[in-house]
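Written below as structure tokens is the structure these notes are about.
Sequence lines set the chain letters: A, B, ... in the order given, protein chains first and strands last, and positions in each chain run from 1.
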There are 2 protein chains.
Amino acid sequence: MSRQLPQPSFDSINLVTLLAALADPVRLTLMQAMYSRTGPVDCSVIAEGVEVSAPTVSHHYRVLREAGLTTTTVEGRRRVVSIRYEDLEARFPGLLAAVLAPAANT
Amino acid sequence: MSRQLPQPSFDSINLVTLLAALADPVRLTLMQAMYSRTGPVDCSVIAEGVEVSAPTVSHHYRVLREAGLTTTTVEGRRRVVSIRYEDLEARFPGLLAAVLAPAANT
DNA sequence: GGTTAAGTTCGATGGGTGTCAAAGCATCGG
DNA sequence: CCGATGCTTTGACACCCATCGAACTTAACC
């Protein structure tokens, strides 16, 4: 019933690509919003605090997914997104916490 | 005798700018080369493994410095560069280690 | 079926950026 | 003083990227 959008395998997650994906205000905001919650969340909920058009939000979700940061599944008309915690922690230990920690927001 | 090139203050180090600075193959290579050594090192020594022209190397050093990642001092004809360990660790704990750890190179 | 709703894809556009060659600028050595 | 050295600046070029409006796709609902 719910299919998963294509994403890079664990081994093909690239550090430069990952950093480039995080190096954008909108995408960093999305990631921080996901990080402050637990488990998969509806895309539109996460994107609420962001002030860009729908196509732009869609574009940013794609960049995050193709960088290996998130997993997106299609459920009906909606998209559910979640951070790839285990993969990222195994690949680059401590990176998520360092970048997305609330203290980094100041 | 040795003057220091301008760099952002501790408070004005921005996470997005910092990530953008790291999200480049050449600059990441430079940072990793600095990270594997202790203390300030000659710019030209660090840039040995990089296959770009001198102006490009100079450009990348500037980006790193203006992002708050490095400190550069002028000593005669040479430039000596070092990572701002203390500042970065205080500002974004664990970030340097997560990004520049040798394990991330694989 | 027809309609609404949620997201995506498709151009187009404007701004940013990595790269280099050439010229410029201090600095050291003779 | 003069040439060599180490690095920067400038200008130019190609390319990438964030953004949006319009059109499209798919799914829920009456």
Holding to side-chain contact (heavy atoms from CB on, under 4.5 Å), I want the full list of residues that pass it with A:Arg37, two or more places apart in sequence or in another chain.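 Once residues adjacent in sequence are excluded, the partners of A:Arg37 under the side-chain contact (heavy atoms from CB on, under 4.5 Å) criterion are A:Val41, A:Val45, A:Ile46.
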Applying side-chain contact (heavy atoms from CB on, under 4.5 Å), can you list everything that pairs with B:Phe10, at least two apart in sequence or on another chain?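 Residues passing side-chain contact (heavy atoms from CB on, under 4.5 Å) with B:Phe10: B:Asp87, B:Ala90, B:Arg91.
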List in numerical order all residues of residues 48-58 of chain A for which some heavy atom is under 4.0 Å away from an atom belonging to DNA chain D.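 A:Val52, A:Ser53, A:Pro55, A:Thr56, in order of number.
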Among residues 77-84 of chain A, which residues get a heavy atom nearer than 4.0 Å to DNA chain D? A:Arg77
Within residues 18-26 of chain A, which residues have any heavy atom lying less than 4.0 Å from an atom of DNA chain C?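 Residues of residues 18-26 of chain A under 4.0 Å from DNA chain C: none.
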For [X], all residues meeting side-chain hydrogen bond (donor to acceptor under 3.5 Å, both in side chains), sequence neighbours excluded:
X: B:Arg65; value: none
X: B:Ser53; value: B:Thr56
X: B:Ser44; value: B:Asp42
X: A:Thr29; value: none

Mind checking whether B:Val63 and B:Leu100 sit in one hydrophobic cluster, side chains of I, L, V, M, F, W, Y counted as touching below 4.5 Å? no
Quick check: do A:Leu22 and B:Leu15 have side-chain heavy atoms less than 4.5 Å from each other?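 With C-beta onward as the side chain, the pair stays apart.
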How long is the line joining [atom1] of [X] and [atom2] of [N], in whole Å?
X: B:Asp42; N: D:dT5; atom1: CG; atom2: P; value: 16 Å
X: A:Arg3; N: D:dT26; atom1: CZ; atom2: P; value: 9 Å
X: B:Tyr61; N: D:dC7; atom1: OH; atom2: P; value: 8 Å
X: A:Leu64; N: D:dC17; atom1: CG; atom2: C1'; value: 14 Å

Summary of salt bridge (charged side-chain N to carboxylate O under 4.0 Å, His left out) pairs that have at least one residue in residues 51-63 of chain B, sequence neighbours excluded: B:Arg62-B:Glu66
I'd like to know if the side chain of B:Tyr35 and the backbone of B:Ala101 have a donor-acceptor N/O pair within less than 3.5 Å. no
Counting distance only, does the side-chain N/O of B:Arg27 pair as donor-acceptor with the main-chain N or O of B:Ala21 below 3.5 Å? yes
Sequence-distant partners of B:Asp24, salt bridge (Lys or Arg N to Asp or Glu O under 4.0 Å), two or more places apart: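 With sequence neighbours excluded, B:Asp24 shows a salt bridge (Lys or Arg N to Asp or Glu O under 4.0 Å) to no residue whatsoever.
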Please work out if A:His60 contacts a base, only the sugar-phosphate, or nothing of the nucleic acid, heavy-atom cut-off 4.0 Å.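 Result for A:His60 = sugar-phosphate.
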Could you tell me the boundaries of the chain B footprint on DNA chain C, defined by atoms under 4.0 Å from its heavy atoms? C:dG18 to C:dC28
Ignoring hydrogens and angles, state whether a donor on the side chain of B:Thr72 or B:Gln4 is under 3.5 Å from an acceptor on the partner side chain.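 No, no side-chain donor-acceptor pair sits under 3.5 Å.
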